[in-house]
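Some notes on the structure that comes next.
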Amino acid sequence: MSKLLKNSISSDVKLYFEEIVNLQASGNEFPVNLDDVWPLVYSRRDKAVQTLKSSDLFVQDIDFKAFPQKVECQNGVGSSIKEKYCLSIPCLEYFIARKKREIFEVYRQVFHRAMTTQSMSKADAIIDTVQHIMSLPLDNEVKTELIQRVNNDGRRALPEGKGLALPPVAGDGMVSATKLFRKHGVTISVEYFNDVLCSIGYMERVSAGWRSYCVLIDEGLKYGRNKPNPYYRGRTIPVYSEDTFGELLKIVFNCIDFE
């Protein structure tokens with residue numbers, strides 16, 4: 001795959017992004033080699049690496065991965081260890097693409113068009129079904145049997161010819177951020193989204209033992225509410241109004257500086 005340069009033309013950038021789409025479709029969670037893209041917006045590699053590792057917006061092993069590699073010295077004597085950094089698609093968008101408007105325009109053309117309506121509808125159906133099952137009471141027979149079958153490697157989770165009848169759930173117009181990201185055609189991680197909301201005072205992190213969870217506060221409550229978490233008693237998860245989520249996305253995007 002060709003390395004991009006600061007003066008790379010749009011067609012070269014588009015070709016590279018299309019190759020990344022193919023790698024992502026094959027199941028590669030971190031398909032972007034930092035060495036291929038840092039010249040687009042950074043003057044030196046070490047500056048790009050420092051920014052990536054020191055930023056509160058990107059988390060190692062979630063947004064990017066570091067792979068130590070043995071590199072021979074230029075004089076041919078000995079070797080050294082150099083880390084190879086691979087980025088996720090959301091990290092590529094906010095660490096590289098959105099830094100320059102012309103680069104982001106090419107990114108948007110390639111990646112947003114790749115999100116077809118068919119794939120989104122399938123993902124929605126799977127996520128909605130799982131969320132509904134897990135929200136059922138602990139003593140619900142359907143939930144109990146399904147969990148038992150999933151945990152038992154020797155049996156099929158859903159035997160052929162056996163369906164699980166689920167009652168309809170009444171909604172209140174509030175939807176998870178993940179589902180609304182797909183609806184609006186944006187590739188962004190929930191972790192990054194929450195970080196931005198926390199930085200502008202729309203959300204805060206609440207400690208719960210060795211973990212934490214995010215809670216909408218103050219201005220953030222204009223766009224959603226905190227719903228009881230069906231997986232952890234006493235905790236909540238943020239859900240958002242479909243009618244105003246677009247406005248909230250604009251606020252988040254406006255907090256990202258373009259160089």
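Applying the salt bridge (charged side-chain N to carboxylate O under 4.0 Å, His left out) criterion to Glu242, with sequence neighbours excluded, gives Lys183. With sequence neighbours excluded, no residue forms a side-chain hydrogen bond (donor to acceptor under 3.5 Å, both in side chains) with Asn226.
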- Please step through side-chain hydrogen bond (donor to acceptor under 3.5 Å, both in side chains) for the pair Asp36 and Tyr16, ending with a clear verdict. CA-CA 9 Å; Asp36 292 341; Tyr16 177 87; 3.3 Å; yes
- Task: Would you please test Arg205 and Asp195 for side-chain contact (heavy atoms from CB on, under 4.5 Å) and show each step?
- Result: CA-CA 9 Å; Arg205 295 188 182 277; Asp195 284 340; 2.5 Å; yes
- Task: Please assess Met174 against Arg225 for the test side-chain contact (heavy atoms from CB on, under 4.5 Å), listing each intermediate value before the final yes or no.
- Result: CA-CA 8 Å; Met174 297 291 180; Arg225 66 179 179 85; 3.8 Å; yes
- Message: Could you go through Leu15 and Glu19, starting from their C-alpha distance and side-chain angles, then the distance that decides it, and tell me whether this counts as side-chain contact (heavy atoms from CB on, under 4.5 Å)?
- Response: CA-CA 6 Å; Leu15 180 62; Glu19 292 176 350; 4.3 Å; yes
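The shortest non-hydrogen separation linking Ile200 to Cys255 is CG2-SG, 3.6 Å. The shortest heavy-atom contact between Leu180 and Ser241 is CD1-O, 4.5 Å. What you find for Val215 and Val206 is that their closest heavy atoms are CG2-CG2, 3.6 Å. Listed here is the closest heavy atom pair of Cys91 and Asp63: CB-O, 3.3 Å.
A ring-centre distance under 6.0 Å is not found for Phe64 and Phe95. Proximity of the aromatic rings of Phe58 and Phe30 is defined here by a centroid distance below 6.0 angstrom, and this criterion is not met.
Between Lys179 and Arg182, the closest side-chain pair of non-hydrogen atoms falls below 4.5 Å. With a 4.5 Å cut-off on side-chain heavy atoms, Leu248 and Tyr202 count as touching. Taking 4.5 Å as the limit, every side-chain heavy atom of Gln109 sits out of range of all side-chain heavy atoms of Phe17. Between Thr236 and Tyr213 the shortest side-chain heavy-atom distance falls below 4.5 Å. At a threshold of 4.5 Å between non-hydrogen side-chain atoms, the residues Tyr107 and Ile96 do not count as touching. Between Val190 and Phe181, some side-chain heavy-atom pair lies under the 4.5 Å cut-off.
Both tests hold for Arg98 against Phe253: distance to the six-membered ring centre under 6.0 Å, angle to the ring axis within 45°.
Side chain of Ser55 to backbone of Thr51: no donor-acceptor contact under 3.5 angstrom is found. Thr244 places no side-chain N or O within donor-acceptor distance of the main-chain N or O of Glu247, the cut-off being under 3.5 Å. No donor-acceptor pair under 3.5 Å is formed between the side chain of Lys100 and the backbone N or O of Val41.
Tracing side-chain contacts under 4.5 Å through hydrophobic residues (I, L, V, M, F, W, Y), one reaches Phe245 starting from Val175; they form part of the same cluster. The hydrophobic clustering, which links ILVMFWY residues whose side-chain heavy atoms are closer than 4.5 Å, places Ile62 and Met203 apart.
Here Asp35 pairs with Arg45 in a salt bridge; the nearest charged N to carboxylate O distance falls below 4.0 Å.
Annotation: the span from Phe104 atom CZ to Glu93 atom CD amounts to 5.0 Å, rounded to 0.5 Å. Taken from CG in Leu52 to CH2 in Trp38, the straight-line distance is 14.0 Å, to the nearest 0.5 Å.
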